[in-house]
Number of protein chains: 2
Amino acid sequence: MRDEKKVSGAVIKRLPKYYRYLSVLRQMGITRVSSNDLSKKIEITPSQVRQDFFNFGSFGLQGYGYEVEPLMQEIGNILGMDQINQMIILGAGNLGQALANHASFEKRGFKIVGMFDVNPYCIGQVVRGIEIMHFDSLAEFMGRHSVDIAVITVPREHAREAADKAISLGIKGIWNFASVEFEVPKDVAIEHIHLSESLMALSYKIKENRASIR
Amino acid sequence: MRDEKKVSGAVIKRLPKYYRYLSVLRQMGITRVSSNDLSKKIEITPSQVRQDFFNFGSFGLQGYGYEVEPLMQEIGNILGMDQINQMIILGAGNLGQALANHASFEKRGFKIVGMFDVNPYCIGQVVRGIEIMHFDSLAEFMGRHSVDIAVITVPREHAREAADKAISLGIKGIWNFASVEFEVPKDVAIEHIHLSESLMALSYKIKENRASIR
DNA sequence: TAGATTGTTAATCGATTAACAATC
DNA sequence: TAGATTGTTAATCGATTAACAATC
């Protein structure tokens with residue numbers, strides 16, 4: 001890994017795309033790929049593919065291209081797919097349960113180990129083998145388990161509180177679905193899924209398309 | 001609106017953030033805000049706030065700042081919040097139902113008018129007042145209703161098929177939750193929510209944090 | 001070897017930031 | 001009027017693209 005200079009967010013956002021497409025190629029039995037092939041699928045230039053990889057080392061062979069399997073492995077390692085991330089879901093409502101049922105996360109090494117809520121109605125229910133526990137037992141649970149990621153699917157007004165609690169208990173990353181932005185300590189990673197922002201951007205694009213037709 | 005030159009995606013992504021923060025200010029009864037105030041909350045520079053608005057016109061008053069209410073109105077209009085977008089949900093599984101239950105979309109003018117699936121078990125069920133219909137009746141339904149947006153929450157392998165169907169029936173925008181990327185005609189807008197990509201980016205950040213601690 | 005394609009440096013482009021005149 | 005803050009142009013920075021030598 002080229003040390004020191006930090007890799008830009010734009011590059012990181014593309015890595016999973018490479019990873020996904022490489023897994024498709026592998027499934028198709030294709031063992032070799034060029035930066036040109038990759039670039040077409042991800043809709044960027046071949047230059048950028050090579051520039052992106054260059055941030056982390058050299059994974060190809062001049063005059064030949066890249067071996068699919070080892071390249072996928074390398075990118076996977078960069079992304080941390082070589083280790084399992086244990087997750088808890090804070091907020092076992094519709095969205096929380098939908099995420100718990102999303103089998104493909106587990107295939108990628110993201111394992112849900114607990115779900116928490118305050119609603120007495122859903123506590124004790126079992127979703128995909130995971131029992132929904134009361135939020136009050138979170139501290140005790142995290143004492144017994146090594147949890148890496150907290151998924152925040154509680155209502156907006158409780159999001160910060162849930163995140164703060166998880167952080168104080170030593171969480172490493174937060175995957176936030178509540179439409180609030182909050183600050184976290186530098187050593188806690190955070191990714192936001194802002195559904196309504198995405199929807200508003202879509203609305204903008206639709207409006208723009210309508211305007212350009214007229 | 002400054003015509004001709006297309007507004008960059010980065011700007012569009014920030015508009016909903018301004019909009020959201022303005023709605024918070026309004027709720028707090030604050031009527032006036034400066035680019036400096038706004039910039040602190042969105043974590044950008046005051047320059048960028050003004051530059052962003054400059055793409056669309058001038059909404060402020062020199063020496064004074066911006067009136068919260070009218071500014072929010074303007075940004076809302078740019079984003080198309082002045083009209084209602086009718087949505088259908090294709091795929092009434094956990095995620096589809098979670099989105100249907102997400103009340104805040106409707107407050108922003110995104111109205112779910114139908115849900116579709118192929119699973120006989122869920123067809124006929126009613127979620128938040130919306131009956132789940134069979135996918136086969138989609139064409140007939142869209143003939144009777146004016147639908148703007150299709151939300152794709154079917155499994156990955158059926159995503160393209162569902163999108164193609166909706167496009168052929170005249171959909172204006174696609175909100176895609178399936179982890180596949182597909183091409184759509186230029187006059188169809190699309191926004192992707194790539195959950196596993198976000199999760200992988202989170203994994204990267206966590207790994208990076210761990211590395212920098214050592 | 002000849003052809004191909006990477007790794008890597010240099011050039012370009014676009015987005016962000018700075019500066020400041022306009023003006024409330 | 002004096003002070004403040006926008007609107008807008010110019011400077012800077014970073015990311016993307018191009019180019020090409022290295023080399024398989």
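Letters A, B, ... are given to chains in the order of the sequence lines, protein chains preceding strands, and every chain is numbered from 1. Values below: all heavy atoms of this structure, side chains included; hydrogens, waters and symmetry mates excluded. All values reported here derive from a predicted model rather than from experimental measurement.
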Asks: In dot-bracket form, how is DNA chain D paired, counting a Watson-Crick or G-U wobble pair only if both its distances are under 3.5 Å and using | for bases paired to another strand?
Replies: ..||||||||||||||||||||||

Asks: In residues 62-81 of chain A, which ones come under 4.0 Å of DNA chain D, going by heavy atoms?
Replies: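 A:Gln62, A:Gly63, in order of number.
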
Asks: The criterion is salt bridge (Lys or Arg N to Asp or Glu O under 4.0 Å); which residues satisfy it with A:Glu69, sequence neighbours excluded?
Replies: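 Salt bridge (Lys or Arg N to Asp or Glu O under 4.0 Å) list for A:Glu69, sorted by chain: A:Arg26.
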
Asks: Taking the inter-plane angle between the rings of B:Phe53 and B:Phe59 on a 0 to 90° scale, is it parallel (under 30°), tilted (30 to 60°) or perpendicular (over 60°)?
Replies: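 Aromatic pair B:Phe53/B:Phe59 classed tilted.
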
Asks: Does the pair A:Lys205/B:Asp187 count as a salt bridge with the N-to-O cut at 4.0 Å?
Replies: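 Looking at A:Lys205 and B:Asp187, the cut-off is not met.
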
Asks: List the steps, then state whether side chain to side chain donor-acceptor pair (under 3.5 Å) holds for A:Glu181 with A:His194.
Replies: CA-CA 9 Å; A:Glu181 212 122 330; A:His194 284 318; 2.8 Å; yes

Asks: Any Lys/Arg nitrogen of A:Asp148 or B:Lys207 sitting under 4.0 Å from an Asp/Glu carboxylate oxygen of the other?
Replies: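 Salt bridge flag = no for B:Lys207 with A:Asp148.
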
Asks: Under a 4.0 Å threshold between the charged nitrogen and the carboxylate oxygen, would B:Asp52 count as salt-bridged to B:Lys13?
Replies: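 No.
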
Asks: In terms of side-chain geometry, is the basic nitrogen of B:Glu67 or B:Arg32 positioned less than 4.0 Å from the acidic oxygen of its partner?
Replies: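 So B:Glu67 does not pair with B:Arg32 through a salt bridge.
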
Asks: Applying ring-ring contact (aromatic ring centres under 6.0 Å, His included), can you list everything that pairs with B:Tyr64, at least two apart in sequence or on another chain?
Replies: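 Once residues adjacent in sequence are excluded, B:Tyr64 has no partner under the ring-ring contact (aromatic ring centres under 6.0 Å, His included) criterion.
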
Asks: Ring centres under 6.0 Å, that's the criterion: do B:Phe105 and B:Trp175 meet it?
Replies: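 Yes: the rings meet the under 6.0 Å criterion.
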
Asks: Considering only heavy atoms, which members of residues 16-40 of chain B lie under 4.0 Å from some atom of DNA chain C?
Replies: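 Nucleic-acid contacts, sorted: none.
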
Asks: Short question: side chain of B:His145, backbone of B:Phe141 - any donor-acceptor pair under 3.5 Å?
Replies: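 Yes; at least one donor-acceptor contact below 3.5 Å.
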
Asks: Extract from the structure each pairing of a protein N or O with an N or O of nucleotides 14-18 of chain C at less than 3.5 Å, listing the distance.
Replies:
| from | atom 1 | to | atom 2 | distance (Å) |
| --- | --- | --- | --- | --- |
| C:dT16 | OP1 | B:Arg14 | NH1 | 3.4 |
| C:dT16 | OP2 | B:Arg14 | NH2 | 3.2 |
| C:dT16 | OP2 | B:Gln48 | NE2 | 3.0 |
| C:dT16 | O5' | B:Gln48 | NE2 | 2.8 |
| C:dT17 | OP2 | B:Thr45 | OG1 | 3.1 |
| C:dT17 | OP2 | B:Gln48 | OE1 | 3.4 |
| C:dT17 | O4 | B:Gln51 | NE2 | 2.7 |
| C:dA18 | N7 | B:Ser47 | OG | 2.4 |

Asks: Look at B:Glu106 together with B:Arg128 and state whether they make a salt bridge at an N to O cut-off of under 4.0 Å.
Replies: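 Yes, B:Glu106 and B:Arg128 are salt-bridged.
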
Asks: Looking only at heavy atoms, what is the nearest atom pair of B:Arg156 and B:Ala178, with distance?
Replies: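 Reported closest heavy-atom pair: CA-CB, 4.1 Å.
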
